[in-house]
Amino acid sequence: KAWDALNNSSEEQIEFIVADEEVEAIRRVYNYPNPFNESTCFQFEHNFVNRDIDIRAEIYTVKGQLVKTLFQSIKPSSSLSRDLKWDGRDDFGSPLASGVYVYRIKINAIGNGGFLETTASDLQKLVILR
């Protein structure tokens, strides 16, 4: 219930959900551009603030064969969003053929003692057009 300056009252009801930020998660995982020719950038948000994190992107064929692994360490992470650029080449430096691929973004958070504290991941698809 609320009143305005002239003492007129009004009632309204609002509902909301408070998210539990204790649960580590990554959100809004995508790559841009998609489809791509030369390169793409994996982008995502996370809630691992002010902690060392290891980011790993694994690209697979639709048959499940791992063709590329990207890795980046951030010490400490103060940003809620990250991006990771990829040139469309496999682990041996050869350009991948046109087609659909699946990728997984995985984040490992490192605790104060230097030990793995928690992990979060998400799976998406991308398209290469050559």
Side-chain angles (χ1 to χ4, degrees):
K1 191 169 191 175
W3 291 266
D4 65 13
L6 298 174
N7 208 26
N8 298 315
S9 67
S10 178
E11 286 187 36
E12 193 64 42
Q13 186 174 359
I14 186 170
E15 294 181 29
F16 58 93
I17 298 171
V18 177
D20 183 6
E21 286 298 317
E22 294 297 318
V23 177
E24 269 68 1
I26 58 176
R27 304 174 287 275
R28 295 179 183 86
V29 176
Y30 65 95
N31 68 299
Y32 182 81
N34 189 17
F36 74 97
N37 182 340
E38 295 294 320
S39 67
T40 190
C41 190
F42 301 105
Q43 299 177 336
F44 55 92
E45 294 178 2
H46 63 84
N47 63 354
F48 296 96
V49 180
N50 295 323
R51 294 166 52 195
D52 295 353
I53 60 173
D54 293 333
I55 303 166
R56 181 185 207 91
E58 299 170 334
I59 296 94
Y60 297 88
T61 64
V62 290
K63 292 182 179 181
Q65 178 185 7
L66 179 64
V67 292
K68 180 68 178 179
T69 302
L70 302 168
F71 184 79
Q72 183 178 35
S73 288
I74 293 134
K75 303 183 184 295
S77 177
S78 60
S79 173
L80 293 176
S81 64
R82 284 284 159 211
D83 62 324
L84 192 59
K85 191 170 181 174
W86 178 48
D87 62 3
R89 296 179 180 274
D90 65 14
D91 281 331
F92 301 104
S94 301
L96 292 176
S98 295
V100 177
Y101 294 85
V102 177
Y103 67 92
R104 176 173 50 192
I105 302 293
K106 187 174 182 181
I107 297 178
N108 293 327
I110 310 302
N112 288 337
F115 299 104
L116 177 66
E117 195 169 279
T118 188
T119 300
S121 67
D122 194 11
L123 198 65
Q124 297 291 331
K125 68 177 180 176
L126 63 86
V127 177
I128 299 176
L129 293 177
R130 299 253 186 230

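What you see is a predicted model, and the numbers here were worked out from it, not measured in a lab.
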For [Y], does its backbone N or O pair with a side-chain atom of [X] as donor and acceptor, under 3.5 Å?
{"X": "Ser9", "Y": "Ala2", "result": "no"}
{"X": "Asp54", "Y": "Phe71", "result": "no"}
{"X": "Tyr103", "Y": "Asn31", "result": "yes"}

*side chain to side chain contact (heavy atoms under 4.5 Å, CB included) involving Asn8 - partner list, sequence neighbours excluded*: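 Applying side chain to side chain contact (heavy atoms under 4.5 Å, CB included) to Asn8 gives Asp4, Leu6.
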
*Under the side chain to side chain contact (heavy atoms under 4.5 Å, CB included) test, residues paired with Asn37 that sit two or more places apart*: Arg130

How many angstroms lie between [atom1] in [X] and [atom2] in [Y], if you round to the nearest 0.5 Å?
{"X": "Arg56", "Y": "Lys106", "atom1": "CZ", "atom2": "NZ", "answer": "7.0 Å"}
{"X": "Gln43", "Y": "Asn34", "atom1": "CD", "atom2": "CG", "answer": "11.5 Å"}
{"X": "Ile128", "Y": "Thr40", "atom1": "CD1", "atom2": "OG1", "answer": "9.0 Å"}
{"X": "Glu58", "Y": "Asp91", "atom1": "CD", "atom2": "CG", "answer": "10.0 Å"}
{"X": "Ile74", "Y": "Ile55", "atom1": "CD1", "atom2": "CD1", "answer": "3.0 Å"}

_Contact summary for Val62 and Val100, nearest pair of heavy atoms_ =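 It is CG1-O, 3.4 Å.
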
*Of all heavy-atom pairs between Lys68 and Leu66, which one has the smallest distance, and what is that distance?*
O-CD1, 3.6 Å

*Would a hydrophobic clustering, with Ile, Leu, Val, Met, Phe, Trp and Tyr connected at side-chain separations under 4.5 Å, put Trp86 with Phe44?*
yes

*Check the pair Tyr101, Leu96 against side-chain contact (heavy atoms from CB on, under 4.5 Å), reporting the backbone distance first and the verdict last.*
CA-CA 10 Å; Tyr101 294 85; Leu96 292 176; 3.6 Å; yes

Is there a side-chain contact between [X] and [Y] in this structure, where contact means two heavy atoms from C-beta onward sitting under 4.5 Å apart?
{"X": "Cys41", "Y": "Leu84", "result": "no"}
{"X": "Tyr60", "Y": "Val67", "result": "no"}
{"X": "Phe42", "Y": "Ile59", "result": "yes"}

*Using only heavy-atom distances, determine whether the side chains of Ser39 and Asp87 contain a donor-acceptor pair under 3.5 Å.*
no

*asked:* Going by the rule side-chain hydrogen bond (donor to acceptor under 3.5 Å, both in side chains), which residues pair with Arg89 if we only count those two or more places apart in sequence or in a different chain?
replied: none

